[in-house]
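The block underneath contains the structure these notes are about, expressed in structure tokens.
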Number of protein chains: 2
Amino acid sequence: MSANINATLSALAEPKRLQIVELLREGPLTVGEIAEKLELLQPQTSKHLGVLNKAGLVEVKAQANMRIYKLCQQPFKDLDGWLSSFGHVWEERFDRLDEYLQKLQGKD
Amino acid sequence: MSANINATLSALAEPKRLQIVELLREGPLTVGEIAEKLELLQPQTSKHLGVLNKAGLVEVKAQANMRIYKLCQQPFKDLDGWLSSFGHVWEERFDRLDEYLQKLQGKD
DNA sequence: ATAAAATATTCCTTTACAAGAATATTCCTT
DNA sequence: AAGGAATATTCTTGTAAAGGAATATTTTAT
């Protein structure tokens, strides 16, 4: 459903949001806990979580008057899949730069 | 030398730059070729390549009056490594949300 | 019903950054 | 040496987005 690498990368590119994601690796947390652990103000914590949620990186569950946020796994799997599409680049024994240079030479 | 995930993510978050990186998966290219294939103007192509270079995602080799750009592998490996640090999150059989909810219950 | 706690939302200001256009630089060719 | 090709740089402008402060919303407790 979501292989939107761009959206995932944009959401993760913001330092505070990256921190939030890293914190959530250890398990679900409420907004207040996230704000406290990362020393963020509550409003910006909520806003960042909103961005992460919109990008599909995070999901919420309401519990009493608080919201518990946890990571979604799909976008991370997608990102991992995308990264593996680079695999063959490193696999190649020869440096394709040499190949390219020879190709240039041949144009004379 | 570089495990700067933030820098890598920021550089990749820009759509055109992501395209450039995806294009370079298939091998080294000159600025002109990149600009042509992605239908970008040369100045912005150079600028995006500059950003990618500064972030360490790409390296240049001067050849005649052109510059050949190719991907660096380290940052992608780092990113892959970072992603695998999420592994244990999905591995866990039980949803830690349940665990968290029980912990909340216990606070009464 | 009211107050208080937890979270979300709005408004404003500031900043970062990408696009566009023009120009500068570098290197080759003749 | 001069001209042209490939690339880089500068300057300006427009825009998206992050931070701060204040306020609104929702839920629980009394």
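Naming convention: chains lettered A, B, ... in sequence-line order (proteins, then strands); numbering from 1 in each chain.
- Scanning for side chain to side chain donor-acceptor pair (under 3.5 Å) contacts around B:Gln42 gives B:Ser46, with sequence neighbours left out.
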Inset, instruction - Could you provide the dot-bracket string of DNA chain C, using ( ) for intrastrand pairs, [ ] for crossing pairs and | for bases paired to another strand, with Watson-Crick or G-U pairs below 3.5 Å? - result: ||||||||||||||||||||||||||||||
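- If you take CG on B:Leu79 and CH2 on A:Trp82, they are separated by 7.5 Å, rounding to the nearest 0.5 Å.
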Show which side-chain atoms of residues 7-19 of chain A pair as donor or acceptor with protein atoms under 3.5 Å away, not counting sequence neighbours.
residue: A:Thr8; atom: OG1; partner: A:Asn4; partner atom: O; Å: 3.3
residue: A:Ser10; atom: OG; partner: A:Asn6; partner atom: O; Å: 3.0
residue: A:Glu14; atom: OE1; partner: A:Lys16; partner atom: N; Å: 2.9
residue: A:Glu14; atom: OE1; partner: A:Arg17; partner atom: N; Å: 3.2
residue: A:Arg17; atom: NE; partner: A:Ala11; partner atom: O; Å: 2.7
residue: A:Arg17; atom: NH1; partner: A:His48; partner atom: ND1; Å: 3.2

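- Between A:Phe76 and B:Phe86, the ring planes lie parallel to each other; the angle is under 30°, not in the 30° to 60° tilted range.
- When the C1' atom of C:dT26 is taken as reference, atom NZ of B:Lys61 falls 17 Å away, rounded to whole Å.
- Nearest-nucleotide assignment on DNA chain D puts the 5′-proximal partner with A:Leu41, out of A:Leu41 and A:Arg67.
- On the nucleic acid side, DNA chain D contacts chain B at distances under 4.0 Å to non-hydrogen atoms, with the end points of that region at D:dA5 to D:dT10.
- Looking at residues 42-49 of chain B, you'll see B:Pro43, B:Gln44, B:Lys47, B:His48 sit with a heavy atom under 4.0 Å from some atom of DNA chain C.
- For DNA chain C, none of the residues of residues 10-22 of chain A falls under the heavy-atom distance limit of 4.0 Å.
- Distance check: B:Gln74 CD to B:Lys77 NZ gives 6.5 Å after rounding to the nearest 0.5 Å.
- Side chain of B:Glu33 to main chain of B:Thr30: a donor-acceptor pair is present (N/O by atom type, distance under 3.5 Å, no hydrogens or angles).
- By the 4.5 Å heavy-atom criterion applied to side chains, A:Ile68 and A:Leu29 are not counted as neighbours.
- Separating the OG1 atom in A:Thr45 from the CD atom in A:Glu39 is a distance of 11.0 Å, to the nearest 0.5 Å.
- One atom, CE of B:Met66, and another, P of C:dC27, lie 14 Å apart when rounded to the nearest Å.
- Distance CD1/A:Ile20 to CG/A:Leu40: 6.0 Å, rounded to 0.5 Å.
- If you chain together hydrophobic residues whose side chains sit under 4.5 Å apart, A:Leu38 and A:Val51 never meet in one group.
- For the pair B:Met66/B:Val31, no side-chain contact is recorded, criterion being any heavy-atom separation below 4.5 Å from C-beta on.
- The SG atom of A:Cys72 sits 7.5 Å away from atom CG of A:Asn53, with the distance rounded to the nearest 0.5 Å.
- Residue B:Leu49 is tested with B:Ile34, B:Leu57, B:Val60 for a side chain to side chain contact (heavy atoms under 4.5 Å, CB included); the sole match is B:Ile34.
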